[in-house]
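Here is the structure we will look at, set down as structure tokens.
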Amino acid sequence: MSAKVRVRFAPSPTGGLHLGGVRTALFNYLFARQNGGDFILRVEDTDQTRFVEGAEAYILDCLNWCGIAPDEGPHAGGEYGPYRQSERKALYRQYAEQLVEQGNAYYAFDTPEELEQKRTESPNFQYGHTHRNELRNSVFLPVKEVQELLEAGTPHVIRIKMPVEETIGFTDMIRGRVNFETSTVDDKVLLKADGMPTYHLAVVVDDYLMKITHAFRGEEWLPSAPVHLLLWEYLGWKNEMPQWAHLPLILKPDGHGKLSKRDGDRLGFPVYAMNWTDPKNGDLTQGFRELGFLPEAFVNLLALLGWNNGTDQEIFTLDELVEQFSIDRISKAGAQFDFEKAKWFNHEWIKQTSATDLEPLVIPVLRAHDIFAENHSQLKKIIDLVKDRCTLLTDFYEHSSYFFQKPAESTIDWPSIQPKWNAAKTDFFIAFIQKTQEIESWEAAAIEATFKTLIAEKGIKIGEVMLPFRIILVGGKFGPAVFDIAEVLDNQEVVERIEFALSILGR
RNA sequence: GGCCCGUUCGUCUAGGGGUUAGGACGUUAGAUUUUCAUUCUAGAAACAGGGGUUCGAUUCCCCUACGGGCUACCA
């Protein structure tokens with residue numbers, strides 16, 4: 001009864017990994033870790049027409065980036081493999097045949113075109129008890145004819161035979177009791193004509209074979225639960241059925257409906273965890289990672305989309321989530337995704353991450369703009385100086401580029417200093433250049449003291465030269481404390497920037 | 001259309017038979033920052049509607065409305 005907890009994340013390798021997918025994986029991971037269980041990755045690639053090259057490796061990369069790598073899967077092996085359903089193809093047929101023998105399923109020879117025809121004729125057409133006695137299947141056709149069709153190798157599927165007038169239900173860990181009338185559900189295909197199982201058969205067989213104890217999946221699966229329920233029962237595995245939790249959907253930020261990749265494109269935010277390039281047309285879709293999100297922040301914001309710990313705490317580390325996660329605090333209603341809030345999470349995480357931890361992530365951001373910061377202690381100082389103003393990792397470029405590159409003449413905010421410029425100011429800065437040579441220890445406090453002493457000597461107001469000084473150093477009205485900037489820039493660089501400005505202002 | 005799930009500020013949510021219905025994002029206003037951002041303080045902002053049950057419902061029940069999901073040989 002107290003079997004080891006085993007959960008699985010079972011994506012289809014059909015493209016980029018969506019926010020909702022990562023959240024499902026995350027909840028699986030949290031639950032497994034919390035209970036000392038196993039977290040399995042199972043690749044549901046039963047639809048050959050939708051298979052996309054590279055998607056599986058990409059999914060794994062995403063999980064690794066998030067820090068929620070599975071224990072078992074095609075990448076890591078395990079006792080319950082193979083972990084790709086395409087490689088398990090041979091396994092499924094016997095179960096489908098068993099169901100046919102038991103009378104819980106049947107062969108159907110109708111072609112997709114025939115069914116399409118039916119559906120256009122009557123919009124509410126369902127392949128179920130109301131129609132199955134008029135279609136080409138082993139329920140309706142004489143035994144002999146069925147045999148002939150089978151022997152002739154006629155393409156066919158196996159469909160579940162939904163019972164009439166039965167109420168079937170289960171207790172969802174999030175929603176409580178959910179009941180269905182079996183007559184309202186159609187006879188789902190279990191085994192396709194190509195011999196591959198559909199999701200319905202595969203999920204039940206594999207969850208059983210892989211000894212899954214708890215199954216997390218999106219709410220969109222709730223309507224097909226009765227099919228799965230029946231399968232567990234017909235296959236004789238009812239007592240081993242996992243407990244289910246149907247997670248609330250992640251919705252579009254505007255209007256309503258499930259969040260999709262298109263919404264991200266339309267509204268200007270990522271939906272995939274990492275960059276994804278469609279191998280068919282080469283289209284690149286930007287991911288959270290490349291946009292400048294920290295994995296800790298990404299995981300944090302996903303966890304809070306539909307879950308909270310009942311307090312005001314919003315910032316959680318993965319370890320804290322593992323410790324505090326609980327299914328009964330998952331909300332029932334769908335959550336609209338809010339990119340502004342997502343950015344807030346990232347900002348918080350950047351602020352609380354040390355310069356040492358940030359450095360390896362900032363280096364590539366700068367390198368993308370041909371800035372090669374080789375002085376590590378200087379770079380860390382810069383990171384500490386500007387990280388409070390960076391919402392995304394990529395913001396480090398615009399907030400620190402002036403440390404590495406002299407502001408270009410064309411970008412300097414001359415209008416803010418030129419109109420009030422005068423000989424006294426020129427005189428002051430020339431004198432300041434001299435004074436900087438006497439500063440023994442080039443630190444913000446010493447620079448400031450020298451600056452202020454000189455102001456007193458020259459009898460000018462500090463307000464008249466502070467802003468010009470800043471603009472001379474960084475090019476505009478922005479940035480951290482000006483003497484901190486001067487310290488990081490170093491003596492010679494400060495002098496050069498002042499001399500350059502004077503050469504323009506003195507004209 | 002049918003079936004299923006859901007409904008507290010614009011958004012994410014806490015709460016729960018009697019509360020000034022709390023927090024966060026965003027927003028507004030002030031303060032600090034001799035720059036900008038950060039930060040701080042304050043403000044506006046919600047229980048979908050109707051019936052019950054009850055001394056009392058936002059909270060429990062029912063109905064309606066609205067929203068969402070599913071209704072493929074896709075997952």
Side-chain angles (χ1 to χ4, degrees), chain A residues 10-14 44-47 49-50 85 108 110-112 115-116 119 123-128 155-159 172 174-176 178-181 183-186 188-200 202-203 217-226 246 248-249 251-258 301 304-315 329 331-345 347-348 351 386-391 395 399 413 416 461-471 474 476-482 485:
Chain A
S12 277
T14 55
E44 309 229 334
D45 55 351
T46 54
D47 186 355
T49 63
R50 294 211 311 158
Q85 290 182 330
D110 320 87
T111 64
L115 295 176
E116 188 50 42
R119 276 187 269 267
N124 290 329
F125 172 82
Q126 274 206 325
Y127 206 127
H156 63 277
V157 300
I158 293 179
R159 286 178 182 272
D172 187 272
I174 295 172
R175 286 153 217 287
V178 184
N179 291 316
F180 305 86
E181 287 303 319
S183 343
T184 63
V185 183
D186 57 343
K188 294 286 181 211
V189 170
L190 265 19
L191 200 74
K192 300 186 251 187
D194 65 2
M196 279 286 194
T198 59
Y199 171 82
H200 306 297
V203 73
R217 57 172 22 167
E219 191 189 345
E220 71 266 29
W221 289 110
L222 207 40
S224 57
H246 288 87
L249 264 14
L251 277 9
K252 300 177 195 293
D254 59 343
H256 282 287
K258 262 202 290 189
L301 74 92
L304 273 278
L305 222 42
W307 177 86
N308 69 83
N309 77 345
T311 73
D312 290 344
Q313 183 179 357
E314 294 199 271
I315 302 299
R329 293 206 61 89
S331 18
K332 296 182 177 71
Q336 281 185 236
F337 179 67
D338 180 359
F339 189 52
E340 290 305 318
K341 182 100 186 203
K343 286 194 289 190
W344 175 81
F345 275 107
H347 191 192
E348 292 300 308
K351 283 191 289 182
V386 304
K387 69 177 186 178
D388 281 6
R389 49 230 303 151
C390 295
T391 298
D395 292 340
H399 287 299
D413 183 11
S416 291
K461 287 185 202 143
I462 189 163
E464 290 183 54
V465 283
M466 279 297 278
L467 188 62
F469 189 33
R470 163 177 299 282
I471 292 174
V474 311
K477 289 187 265 189
F478 55 82
V482 70
I485 295 172

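In this text the structure is predicted, and so the values were computed from the model without any measurement. Note that these values count all heavy atoms, side chains included, but never hydrogens, waters or copies made by symmetry. Order of the sequence lines sets the chain letters (A, B, ...), proteins ahead of strands, with each chain counted from 1.
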What contact category does A:D47 fall into here, base, sugar-phosphate, or nothing, at under 4.0 angstrom with non-hydrogen atoms?
sugar-phosphate
When the C1' atoms of B:G26 and B:G68 are considered, how many whole Å apart are they?
24 Å
Rounding to an integer number of Å, can you tell me how far A:H246 NE2 sits from B:C70 P?
12 Å
So, taking the atom named CZ in A:F478 and the one named CD1 in A:I471, what distance separates them when rounded to the nearest 0.5 Å?
9.0 Å
Pick the nucleotide of RNA chain B nearest each of A:T198 and A:K188; which residue has the one closer to the 5' end?
A:K188
B:U64 to B:A14 separation - P atoms, rounded to the nearest Å:
27 Å
By the 4.0 Å heavy-atom rule, please label A:G463 as base, sugar-phosphate, or nothing.
base
Please give, in whole Å, the distance from B:G23 P to A:N309 CG?
17 Å
Side chain of A:L249 (C-beta onward), nearest among B:C73, B:G69, B:U71:
B:G69
Atom C1', compared across B:C9 and B:C25: separation rounded to whole Å
12 Å
For B:G22 and B:A37, measure between their C1' atoms and round to the nearest Å.
29 Å
Of the candidates B:G69, B:A75, B:G23, the side chain of A:R50 sits closest to B:A75
Closest to the 5' end of RNA chain B, once A:K258 and A:N124 are matched to their nearest nucleotides, is A:N124
Between B:G43 and B:G67, how far apart are the P atoms? Round to whole Å, please.
36 Å
Could you tell me the Watson-Crick or G-U partner of B:G16, where both distances fall under 3.5 Å? Say none if there is no partner.
none
Can you tell me how far P in B:G15 sits from the matching atom in B:U33, rounded to whole Å?
41 Å
To the nearest Å, how far apart are A:L301 CG and B:A24 P?
18 Å
A:F345 CZ to B:G26 C1', straight-line distance once rounded to whole Å:
13 Å
Within a strict 4.5 Å, meaning less than it, do heavy atoms of the A:D47 and A:S12 side chains meet?
no
Carboxylate-amine/guanidinium contact A:K341 A:D338, below 4.0 Å:
no
Out of B:A75, B:C73, B:C70, minimum distance to the side chain of A:W221 belongs to B:A75
Look through every strand shown and name the nucleotide pairing with B:C3 as Watson-Crick or G-U wobble, where both distances are under 3.5 Å.
B:G69
Can a side chain N or O of A:K343 be found less than 4.0 Å away from OP1 or OP2 on B:A24?
no
Each nucleotide of nucleotides 2-13 of chain B classed B (base within 4.0 Å of a protein heavy atom), S (only sugar-phosphate) or -, in 5' to 3' order, makes -SSBSS---SSS
State the pairing partner of B:C25; accept Watson-Crick or G-U wobble contacts with both distances under 3.5 Å, and report none otherwise.
B:G10
Give me the atom names and distance for the closest heavy-atom approach of A:S416 to A:L467.
O-CD2, 4.5 Å
Counter-base of B:U58, judged by Watson-Crick or G-U geometry with both distances under 3.5 Å
none
Short question: side chain of A:T46, backbone of A:M196 - any donor-acceptor pair under 3.5 Å?
no
Rounded to the nearest 0.5 angstrom, the CZ-CG distance for A:R50 and A:D45 is 11.5 Å
What is the base-pairing partner of B:A48, counting Watson-Crick and G-U wobble geometry with both distances under 3.5 Å?
B:U64
Taking the same atom, C1', in B:U7 and in B:A48, what whole-Å distance lies between them?
7 Å
Taking side chain as C-beta onward, heavy atoms only, is A:V178 less than 4.5 Å from A:H246?
no
Less than 4.5 Å apart, any side-chain heavy atom of A:D186 and any of A:F125?
no
The contact string for nucleotides 35-47 of chain B, one letter per nucleotide 5' to 3', using protein heavy atoms under 4.0 Å with B, S and - for base, sugar-phosphate only and none, comes out as BBBSS--------
At 4.0 Å (heavy atoms only), tell me whether A:V189 reaches a base, stays on the sugar-phosphate, or touches nothing.
sugar-phosphate
Can you check the A:L115 CG to B:C73 P distance for me, whole Å?
6 Å
What's A:T46 touching, base or sugar-phosphate or nothing? Going by heavy atoms closer than 4.0 Å.
sugar-phosphate
Give the rounded distance in Å between these two atoms: CD of A:E340 and P of B:C25.
12 Å
Quick one: list whatever passes ring-ring contact (aromatic ring centres under 6.0 Å, His included) with A:H156, sequence neighbours left out.
A:Y107, A:F109
B:A65 to B:G50 separation - P atoms, rounded to the nearest Å
15 Å
Pairing nucleotide - B:C36, Watson-Crick or G-U, each distance under 3.5 Å
none
Hey, could you give me the CZ/CG distance between A:R470 and A:D413, rounded to the nearest 0.5 Å?
12.0 Å
Backbone of A:I315 reached by a side-chain donor or acceptor of A:Q313 within 3.5 Å
yes
A:Y199 has an atom OH; how far is it from atom C1' of B:C74, in whole Å?
12 Å
Please work out whether the ring planes of A:W221 and A:H200 are parallel, tilted or perpendicular, with thresholds of 30° and 60°.
perpendicular
